[in-house]
Structures are given as structure tokens and as C-alpha cells.
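These notes concern the structure reproduced below.
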Number of protein chains: 2
Amino acid sequence: MAVRMKDIARDLGLSVVTVSKVLRDHPDIGPETRERVLKRMKELNYRPNLAARALVTGRSHIVGLVVPDLLHPFFAEVAKGLSSVFHTKGYNLVISSSEEDAELEQQEIEQLLARQVDAVLVASSQWSVESFRRIEEQKTPYILIDRKFAGLRSNFVGVDDERVGALATEHLIEVGCRTIAHVGGPQVSTAVGRLFGYRHALMRRGVAVSPDYIVEREQRATDASGYQAMVQLLGLDPRPDGVFCYNDPTAIGVMKAILDAGLRIPEDVAVVGCGNARYADFLRVPLTSVDQQSEAIGDRAARLALSVIEAKTPQRPATVLLEPRLIVRESSRRPKPA
Amino acid sequence: MAVRMKDIARDLGLSVVTVSKVLRDHPDIGPETRERVLKRMKELNYRPNLAARALVTGRSHIVGLVVPDLLHPFFAEVAKGLSSVFHTKGYNLVISSSEEDAELEQQEIEQLLARQVDAVLVASSQWSVESFRRIEEQKTPYILIDRKFAGLRSNFVGVDDERVGALATEHLIEVGCRTIAHVGGPQVSTAVGRLFGYRHALMRRGVAVSPDYIVEREQRATDASGYQAMVQLLGLDPRPDGVFCYNDPTAIGVMKAILDAGLRIPEDVAVVGCGNARYADFLRVPLTSVDQQSEAIGDRAARLALSVIEAKTPQRPATVLLEPRLIVRESSRRPKPA
DNA sequence: TTGAAAGCGGTACCAA
DNA sequence: TTGGTACCGCTTTCAA
């Protein structure tokens, strides 16, 4: 059905080996032979069977990516960055979504390992590191993206999440907020880091933190869960006058709850999100957000993956920590207090 | 390095064939032997080499997806739908982005064919059907998503784009718009269909259409290009009082241009987008949009792909045409004219 | 410069 | 019920 080297070799009275060498630009091949082979390849529209090549070389030229949610713009941007770097190097990207579910993630990773991917990139929803031990056994390189694990010496590319929390919180303090709430995310390193940064910033500035003003959630961080969390926070006395949200979808829900309650943003409550989603600028109230450098993360992760794959000897794990940046928009733009 | 069948067979004094049969639940295997093999597989954490299996069976259990833009929420949603169906059936999805570039798309498709994917799903940016002839030669099933070709008998899953244009335009007429503009997309079937539906609806209702009010663009349909198009339209006399936009990102740019000009939405200009992006509800002015059923498209396309892959004999091309739905929000909500 | 043989890790077919 | 043999399409090694 498909054209094989064998067919070309037969047509030209050559051996398969010769054809194979031409394909891979092997030096010792007669110029005339090379031409004939190349010509015939064009004619027959030959495409090497990458699966067969992978089997013998042990390199599939496939990289696996597991993210919690493809719809989340942050991960979509990372995927896009990865995909463009890999394309130029002849790698393909198998993308799978774990739906923020640890067990599903395990399955996806197993599946990828069985596929003999050359590396696995994961924004993990696990709380244990067991999956990663399995990857290590297989000697497949892996890189954690966005979310990391304290006890795991591994490659990591992401932003400094404590800085994220600190940037957002300090900004809220600076614009005059005194009762600053936090709507957190799932139990992963990013949420923990941002919460820590938030707490730390408040303490450093001598602003009181009451646990009542911190809403952590089991569920996924979406606009629906953000809405619900904010409704709860607005029931407190005094009500918060600033909110730092785990991510932008959460912040959108939070803002909706505030407006639905008849309050103004930022006059009554200032809001800061995280992720700097593309549409943040066009929202009902344009959203101040901490940029996570999604494109840079994709780019750096792809480069790191390639260097690890191409290294002859095992590399020691590298950490790429990018600086987050605060993008101020209307949702927190208030005159600074006197 | 990795555990192979050979290792398990040796350990247990069995043949590779027997191990292989156990793995695939072949009926004629002694229950005791089966247990021993299964036990050893667990112990060694055996994972079958899918690349090897693919080579001999001719089925890779990989499906390729090519989209113009992973960041576009519509395609992200489709990808997510696909990915979840395929996961449950043991297939993986290789996703690549063509960046709305026909040549890049060709390359990506070639790459996927070389990978021996079992099917290719494409939301194409081509204007010619040559790539698809190549796919046909290879006898790899393919399914067009969202965008189709007039002269090509192929599988297709998408919405009825003329209905999209008609729904949007009729709605604008009904809320009293008299000078209805259209900001179009790139030269692909969706843009053509929507434009046609728009024209047709205007004619049917006896509303004049001047070509001046139709802005078509070479470039990608983004918020930036939408902004630019709307600035141009606002320079016309009379200025449009309704705009139907090719997609939601475009509509966002259009709305920004309107607001920047000091006009009100929907009182001065009503706006309708297309795609019903998740965030449409939370925009500065919540956006009326035609829902393209992205999730359903992903789901149906995945099912169609599986049925074609699993069919013994070549199937005749199927077309799945979903009905678009208009979601009315504030950007076009005006009292109906008397 | 060219090619024969071996083998990558599985599966299919048929014989024992 | 079990296993020997051939082979999927390609690369590697080494000899001609």
C-alpha cells in the first residue's frame, strides 16, 4: 500500500541499505546513485515509516504533554509555544488532558511511556510523586511545567509563585486595600506558593490576615467556583476591599459576584487575577493580572526538553524560574491613598 | 533497559508468543499460565512497546489533529472533546498548529502521515485540495473539521455556516438595524458560508447591501484585525448600526473600536460574534454570538474517526452538519422596533 | 561505494 | 494449550 524503501531499491536495482543511506544523507554514496534514488522517491512520493525507524533507533521523535485543562488559556499558550519549537526540530507533540484528575494523569503518562515518547512534559495534578518515579525507572526524561514538587529533584520550568502572590498582594496594599481576601486553587504547588506569597506580603506590611478571608477549594478553579467563593466572602464583616485570585477564570467569577451584589470594582472591591489571559483587557472591568509568561514557559520547556533528549549522558535536573510581572488594569486602579 | 516480552518469557520458561497472547486476552491460554504471566508483568511493571505493535499491526492508535490556532477557544474546545473520546478508546492525539498557514499545514500533514497515524483530522487553511489527494493516496482516512471544500468528497463535521450568517443577520434586522456591516475572515469555507448567509438574509428581508460595508481581510481574524476593520467601517456615511463578525476575537476588537469612538453598544451599534467563546458573557459588553457547538463537533468527529478507522471496508464519506444556535446577550439586546 | 545479515519488539499463522 | 517461524520497515555493523 504505502511505498517502502524496498520498492525503491527494487525499481532501481539497488539494495535497501543504499536507499536508507541516501535518505539520511550518508556521506559515502555515489552522486549519481543519490540522484536516482532521490528522483524515484519524489516520483513515488515516498515517506519514511517513522514507527519503524523509532523501533530500531529507540527514538520516537515524539514528546508527550499532559496538562490539566486544554481550555485554560495558560496551558493552550504553553502548548502552542512547545508545538512551534518542536515542529522546527522534527518532533511531534502528543497532547493529553488530565482534567485536573490525578488518576487520569497517571494513565495518560503510562500511555505516553508505552508510546516510547522521547520526553514527557507535565503540569501535574498529582499530590504524590509516584508517577514520576515510574518515569524515572523507564529512563525517559521528564520536565515539570508550572507545577512542581518539593521532594522531587527534577527538571522544572515555571514562574516563581511566591513572587506571584507577593506582587499581587503588595499591589492591593499599595492601592489602599486593608482587608484583602484570597480565593485559592486546588492543592498543587502553584496554589500553595501563591498563598504563601500572599500571607508573607501581608505580614511584611503589617496587614492583618484572618483565615476567614482565605477561601480554598477542593474543586477546579473556574469562574463558577470563583463566584461561589466571592459570595461567601461578601457575607463577612467587614467585607473585603481587595481580592487576590488564584487565576483569571476565578477572578472573572469573583468580579461577577461583586457586580451582582451591586458593588463597584475597583472602588468597593479591587480584584487581581493571575495568568494574564488574552481577553483580560476586554472584560466588563479590565482585569489586573499577574503575567505567568506562558509563551516563554513553552519556549524554555521545549528547549530544555530537546537538550535533555539530545544529551548523551544523563543531565542533572535544571530549574528555569521565570519572573512574573504585574499588569495593572482597571480592576485595581484606584488613586493611591494619601 | 525497558522490560520486554522476551524478559518475561525467559523468566517463566515460556515462549514470547504465549506472553503476547496473555497480554491481548487471547482465549486459548491456561488459567494458571495466564496468572503467572500477569503476575510477572506487574512485578516488572511491563509496558508493551506500542511502536513495535504498530509496525506489525499497521495500526498506530494515533490520530493526528491539525488546527489553525490552538489558542482560539473554538479549536481548544474541539481538541478537548476529541481528546476525551480518544482517551477512552486507547488512542492518542498528536496535535499540531498550522498558524493559519497553508504551507505549514501541508508539512504537518506529511509529518503525520509519516507517523502512520490511523486518521487525520484537519481544520484546513488550504485553498487547494492537493494535500487531501495525498492523504487519499496513502489510504489514511481523514475528516475535515469546521472548514470544508466544495469540490472534495470527504468526511466533514461542522456547522451549517450559511445558517450561522443568516441567524446573526436576521437577528440584527429584527432588533432594528438598517445598515448592517460584516467583518469577514480568511478565505476559507466558513468565512464564505457566513458571508453568503449574511447576504442572503439581507436580500430576503429587502435590506440594502452595499459592498462598502463588507470588510474582508487577508490576515488572520483576531481582535487586532477586527479593531482595524471597524475603524474603517465607522468612517462610512451612514455608519453601520449593526455588525456581524466572523468570530468572537474579531467581535472583541470591533467592540473596542466602537467604544473607543465614543459610541454605545448596542444603542448606536449592535454587535454579533460567532463561536460563543466561554468568556463572551463576561466581556465589557456581553457578546451576542452564534454558538458553533464546539464540544459536539469534537465528540462527533472523534466518533466518526473511530468508525472509519475500525471499518473493514472503505466507507463512503459522511457529513455531519450541526445546527448553530444564536445566544443573545447585551451587545445586541435592544427593544424591538415598533 | 555498495550490500548481506542481523535485529529492534512485537504479532500472525500454522504446526505440534 | 503452547510455541517455532516469518515478518512489519527500517537502521546498524561489517564485509565485499
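Chain naming here is simple, since letters A, B, ... match the order of the sequence lines and numbering starts at 1 in each.
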Starting from [atom2] on [N], measure out to [atom1] on [X] and report it in whole angstrom.
X       : N     : atom1 : atom2 : answer
B:Leu23 : D:dT2 : CG    : P     : 16 Å
B:Glu35 : D:dT1 : CD    : P     : 15 Å
B:Met5  : C:dG7 : CE    : C1'   : 17 Å
A:Glu32 : C:dT1 : CD    : P     : 13 Å
A:Arg59 : C:dG9 : CZ    : C1'   : 18 Å
B:Leu50 : C:dC8 : CG    : P     : 19 Å
A:Ile8  : D:dG9 : CD1   : P     : 13 Å
A:Arg10 : D:dG9 : CZ    : C1'   : 14 Å

(message) Here's a test for you: under side-chain contact (heavy atoms from CB on, under 4.5 Å), which of A:Val22, A:Leu14, A:Leu12 qualifies with A:Arg40?
(response) A:Leu12
Looking only at side-chain atoms of [X], point me to the closest of [options].
X       : options               : answer
A:Val17 : D:dC10, D:dG3, C:dA4  : C:dA4
B:Thr33 : D:dT2, C:dT2, C:dT11  : D:dT2
A:Ser15 : C:dG10, D:dC10, C:dA4 : C:dA4
A:Thr18 : C:dT2, C:dT11, D:dT11 : C:dT2
B:Leu55 : D:dC10, C:dG3, D:dC8  : D:dC8
A:Arg24 : D:dT5, D:dT12, D:dC10 : D:dT12

(request) Under 4.0 Å between any heavy atoms, over every strand shown, what does A:Asn49 touch: base, sugar-phosphate, or nothing? Just pick one. (result)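 Sugar-phosphate, no base atom in range.
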(message) Heavy atoms only, 4.0 Å cut-off, all strands: where does A:Leu14 land among base, sugar-phosphate and nothing?
(response) sugar-phosphate
(request) Report the residue (B:Lys21 or B:Ala51) whose heavy-atom-nearest nucleotide on DNA chain C is the more 5′ of the two. (result) B:Ala51
(request) Respond yes when some side-chain nitrogen or oxygen of B:Tyr46 is under 4.0 Å from OP1 or OP2 of C:dG10, and no when none is. (result)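 It does, given that an N or O in the side chain of B:Tyr46 lies less than 4.0 Å from OP1 or OP2 of C:dG10.
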(message) Does D:dT11 have OP1 or OP2 under 4.0 Å away from a side-chain N or O of A:Ser20?
(response)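 Answer yes for this pair, as a side-chain N or O of A:Ser20 is under 4.0 Å from OP1 or OP2.
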(request) Can you establish whether the number of heavy atoms outside B:Arg300 located under 6.0 Å from its atom CZ is more than 12? (result) no
(request) Decide whether B:Asn92 and A:Arg115 meet the rule of one side-chain donor and one side-chain acceptor closer than 3.5 Å. (result) yes
(message) The test is salt bridge (Lys or Arg N to Asp or Glu O under 4.0 Å); show your working for B:Arg147 and B:Glu100 and say whether it passes.
(response) CA-CA 12 Å; B:Arg147 304 171 177 191; B:Glu100 203 79 75; 2.6 Å; yes
(message) Would you compute the distance between atom NE2 of A:His87 and atom OG of B:Ser96 and round it to the nearest 0.5 angstrom?
(response)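 The distance works out to 8.5 Å.
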